Amino acid sequence: MSNIQAIRGMNDILPEDTRHWRHLEQTVSRLLASYGYGEIRLPVVEKTELFKRSIGEVTDIVEKEMYSFDDRNGENLTLRPEGTAGCVRAAIQHGLLGVPQRLWYMGPMFRYERPQKGRQRQFHQIGVEAFGIASVDMDAELILLTARLWRQLGLADSVELQINSIGSSAARRAYRAALVDYLTSHQDALDEDSQRRLHSNPLRILDSKSPQTQALLDAAPTMADYLDDESRTDFSRLCEFLQAAGLPYVINPRLVRGLDYYNKTVFEWVTDRLGSQNAVCAGGRYDNLVEQLGGKNTPGVGFAMGMERLVLLMLETGALDQSGQVLADVYAVAAGDRAQSTALAAVESLRDSLPDLAIVQHTGGGSFKSQLKKADKSGARVALIWGEDEVSTQTVTVKHLREGSGQGDRSGQQTVPGQQLEATLRAVFAD
RNA sequence: GUGGCCGUAGCUCAUCAGGUAGAGCACUGGAUUGUGACUCCGGAGGUGGCGGGUUCGAGACCCGUCGGCCACCCCA
């Protein structure tokens, strides 16, 4: 194929899908506004160093999934693989952290991975971050907010909330040692990937998909036993909050997150309807990240949701209207040169008086018949017709194209004086 | 990075022991010199992803490559 194609894993989103995306975006932004979150818009490119310092040097994302390149001045930059790092950077840089901050953002992220269902190289996330509040009621707020979002999107029955606490970094270190200890003594029973992770990232063995590894883990030490007191009480407090709010959840003691900066609360909303990519929204607390990136010690909690996955899930579960989309309410047709200029002017003034109607003016010529054909295809309820007769009598024909749009008009069309066009259309679209 | 399946018209897919392609939908013209949807008739549209090989001959077989899908890894 000699034609230039899009980069692998970077997809165009076509009009039939953008309407679904817009539905998601509008729902989310309204919801976040109602909770008092402010939108922040961040660059897509940051210094590579930012991601290395926040996500963690030895994570897969940093080791092999980043789109990095040298700028013309020799500086190494990276297309953001996630949003939190940039958000924290911006919050520090602009001095937003003196008071609690609730922020959200939306946009493309980039990871060099093999594309598959629900995963592409350029994907889109909506991220929400809350800074400056160390108590778990903040964690609860975020989780309740997401639950409300699923209800509004019609996804409440398709997702399940999993929560866990991974404790302080000291607790995690102690637990990691115990886990490595245990697994090392059973090394032969571990699958190949997990053996590798035993040295690189042992906590990730916990969510291995290998059945025998999972079986081995049944007898392994659990994170809960190693939690520091504060993490333990915070976690049970979180559970209380969720219970009080009537929000069902599952404690998944093997839930860990892939990014290094998390501590204490971690959570994930999962679904079984998207193939093997089961997480649609995930996040947790990151109380050390701000300081780690050079800011004043400031606690943080946040999450990100994958927009592709949410749209997919909504399509999958029938939560979206998939009927053919209608781009026009009214389609204007003109036969003859004189009629064309009359129609063009009339339609322009209609747009002044009826700004909420989508009026498509036929362009590109063609026979009268073919123009009407286009009118029908457009999905418009009515066609406006200007021909020789109409022009000479200063009228316009309003033709009803759909069942039930005729206001009891059996003939299917009526010719009205030009001045009455606006009123006629108002009546047609009154509902 | 690894593995499986797949790449034929704009879309969904056929065909055939290897003898250079067809349907439906969509598009378009007409039946109706100013009236859409239904119906009928006609038309356009493919160097069969790309490159190489086997063969008298390949869309069909082989190799490579690119792309797609799914899974592993990892993650939203």
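Chain letters run A, B, ... following the sequence lines, proteins first, then strands; residues in each count from 1. If you're wondering where the values come from, they're calculated on a predicted model, not measured in any experiment.
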From the candidates B/C27, B/G36, B/C74, the one with an atom nearest any side-chain atom of A/Asp376 is B/G36
For B/G46 versus B/A9, give the span between their C1' atoms, rounded off to a whole number of Å.
-> 5 Å
Identify whether any heavy atom of A/Glu390 sits under 4.0 Å from a base atom; if not, whether one sits that close to sugar-phosphate; answer base, sugar-phosphate or nothing.
-> base
Short side-chain N/O contact from A/Ser276 to OP1 or OP2 of B/C72, under 4.0 Å | yes
Pairing partner (Watson-Crick or G-U wobble, both distances under 3.5 angstrom) of B/U55 | none
If pairing requires Watson-Crick or G-U wobble contacts with both distances under 3.5 Å, which nucleotide is the partner of B/G43?
-> B/C27
Which is true for A/Gln120 with a 4.0 Å heavy-atom rule: it touches a base, it touches only sugar-phosphate, or it touches nothing?
-> base
Closer to the 5' end of RNA chain B via nearest nucleotide, is it A/Phe368 or A/His124?
-> A/Phe368
Side-chain N or O of A/Arg204 closer than 4.0 Å to phosphate OP1/OP2 of B/C75 = yes
Does B/A60 pair with anything, Watson-Crick or G-U wobble, both distances under 3.5 Å, and if so, with which nucleotide?
-> none
Side chains of A/His124 and A/Ile13: does their closest heavy-atom pair fall under 4.5 Å?
-> yes
Does NZ or CZ of A/Arg102 come closer than 6.0 Å to the centre of the six-membered ring of A/Tyr35, within 45° of the ring's axis?
-> no
Could you grab the distance from atom CE of A/Met109 to atom CE of A/Met106, nearest 0.5 Å is fine?
-> 10.5 Å
Remember a base hit wins even if backbone is also touched, and classify A/Ala375 as base, sugar-phosphate or nothing at under 4.0 Å, heavy atoms.
-> nothing
Whole-angstrom distance between B/G7 and B/C41, as gauged at atom P = 33 Å
The Watson-Crick or G-U wobble partner of B/A9, with both key distances under 3.5 Å, is none
Among B/C75, B/C73, B/C69, the one nearest any side-chain atom of A/Arg111 is B/C75
From the list B/U28, B/G34, B/G36, which nucleotide is the closest neighbour of the side chain of A/Ile385?
-> B/G34
Check every atom of B/G3, B/A76, B/G36 against the side chain of A/Arg309 and return the nucleotide holding the closest atom.
-> B/A76
B/C69 phosphate, OP1 or OP2: any side-chain N/O from A/Gln116 under 4.0 angstrom?
-> no
Give A/Glu308 one of three labels, base, sugar-phosphate or nothing, depending on what nucleic acid heavy atoms sit under 4.0 Å from its own.
-> nothing
Quick one: is B/A76 close enough that its OP1 or OP2 comes under 4.0 Å of any side-chain N or O from A/Arg257?
-> yes
Of the candidate nucleotides B/A76, B/U2, B/G36, which contains the atom at the shortest distance from the side chain of A/Arg114?
-> B/U2
Where the side chain of A/Lys374 is defined as all heavy atoms beyond and including C-beta, which of B/G3, B/G67, B/U28 is the nearest nucleotide?
-> B/U28
Distance between P atoms of B/G49 and B/G10 (Å, rounded) = 13 Å
Interatomic distance at P, B/A14 relative to B/G24, whole Å | 16 Å
Counting only Watson-Crick or G-U wobble pairs whose two distances fall under 3.5 Å, which nucleotide matches B/G48?
-> none
In a check of side-chain hydrogen bond (donor to acceptor under 3.5 Å, both in side chains) between A/Tyr105 and each of A/Arg41, A/Glu129, A/Gln125, which one passes?
-> A/Glu129
Classify the ring geometry between A/Tyr175 and A/Tyr226 as parallel (under 30°), tilted (30 to 60°) or perpendicular (over 60°).
-> tilted
Mind checking the C1' distance from B/C56 to B/G68? Whole angstroms is fine.
-> 36 Å
Between the main-chain N or O of A/Ile163 and the side-chain N or O of A/Glu268, is there a donor-acceptor pair closer than 3.5 Å?
-> no
Contact class for A/Glu268 (heavy atom, under 4.0 Å): base, sugar-phosphate, or nothing?
-> nothing
Are side-chain heavy atoms of A/Lys264 and A/Ile166 found at a separation under 4.5 Å?
-> no
For A/Ala282, report the nucleic acid contact type (base, sugar-phosphate, nothing); a contact means any heavy atom under 4.0 Å.
-> sugar-phosphate
Look at the side chain of A/Gln413 and the base of B/U35, then say whether one donor and one acceptor between them are separated by less than 3.5 Å.
-> yes
B/G3 pairs with which nucleotide, Watson-Crick or G-U wobble, both distances below 3.5 Å?
-> B/C70
The nucleotide from B/A31, B/A76, B/G34 with an atom nearest the side chain of A/Lys369 is B/A31
Pair assignment for B/U35, Watson-Crick or G-U wobble, requiring both distances under 3.5 Å = none
Candidates B/G36, B/G34, B/C72 - which lies nearest the side chain of A/Leu372 = B/G36
What distance, rounded to whole Å, do you find between the two C1' atoms, one in B/C75 and one in B/C61?
-> 41 Å
Sort out the partner of B/A21 for me: Watson-Crick or G-U wobble, both distances under 3.5 Å, none otherwise.
-> none
Of A/Thr395, A/Val347, A/Thr397, which is the lone residue that meets side-chain contact (heavy atoms from CB on, under 4.5 Å) with A/Trp386?
-> A/Val347
What does A/Gly379 touch in the nucleic acid at a heavy-atom separation under 4.0 angstrom: a base, only the sugar-phosphate, or nothing?
-> nothing
What nucleic acid atoms does A/Leu259 come within less than 4.0 Å of, heavy atoms only: base, sugar-phosphate, or nothing?
-> sugar-phosphate
Which comes earlier along RNA chain B counting from the 5' end, the contact point of A/Gly275 or that of A/Arg197, where each point is its nearest nucleotide?
-> A/Gly275
Is it true that a side-chain atom of A/Gln195 and a backbone atom of A/Leu190 form a donor plus acceptor pair closer than 3.5 Å?
-> yes
Counting side-chain heavy atoms from CB outward, which of B/U35, B/G36, B/C72 is closest to A/Asp193?
-> B/C72
Distance check: side-chain N/O of A/Arg402 vs OP1/OP2 of B/G36, anything under 4.0 Å?
-> no
Integer angstrom distance from the P of B/U47 to that of B/G64 = 26 Å
On a whole-Å scale, what distance lies between the C1' atoms belonging to B/A76 and B/C63?
-> 39 Å
With heavy atoms under 4.0 Å as the rule, sort A/Lys399 into base, sugar-phosphate or nothing.
-> base
Among the candidates B/C74, B/U35, B/C72, find the nucleotide nearest to the side-chain atoms of A/Asp60.
-> B/C74
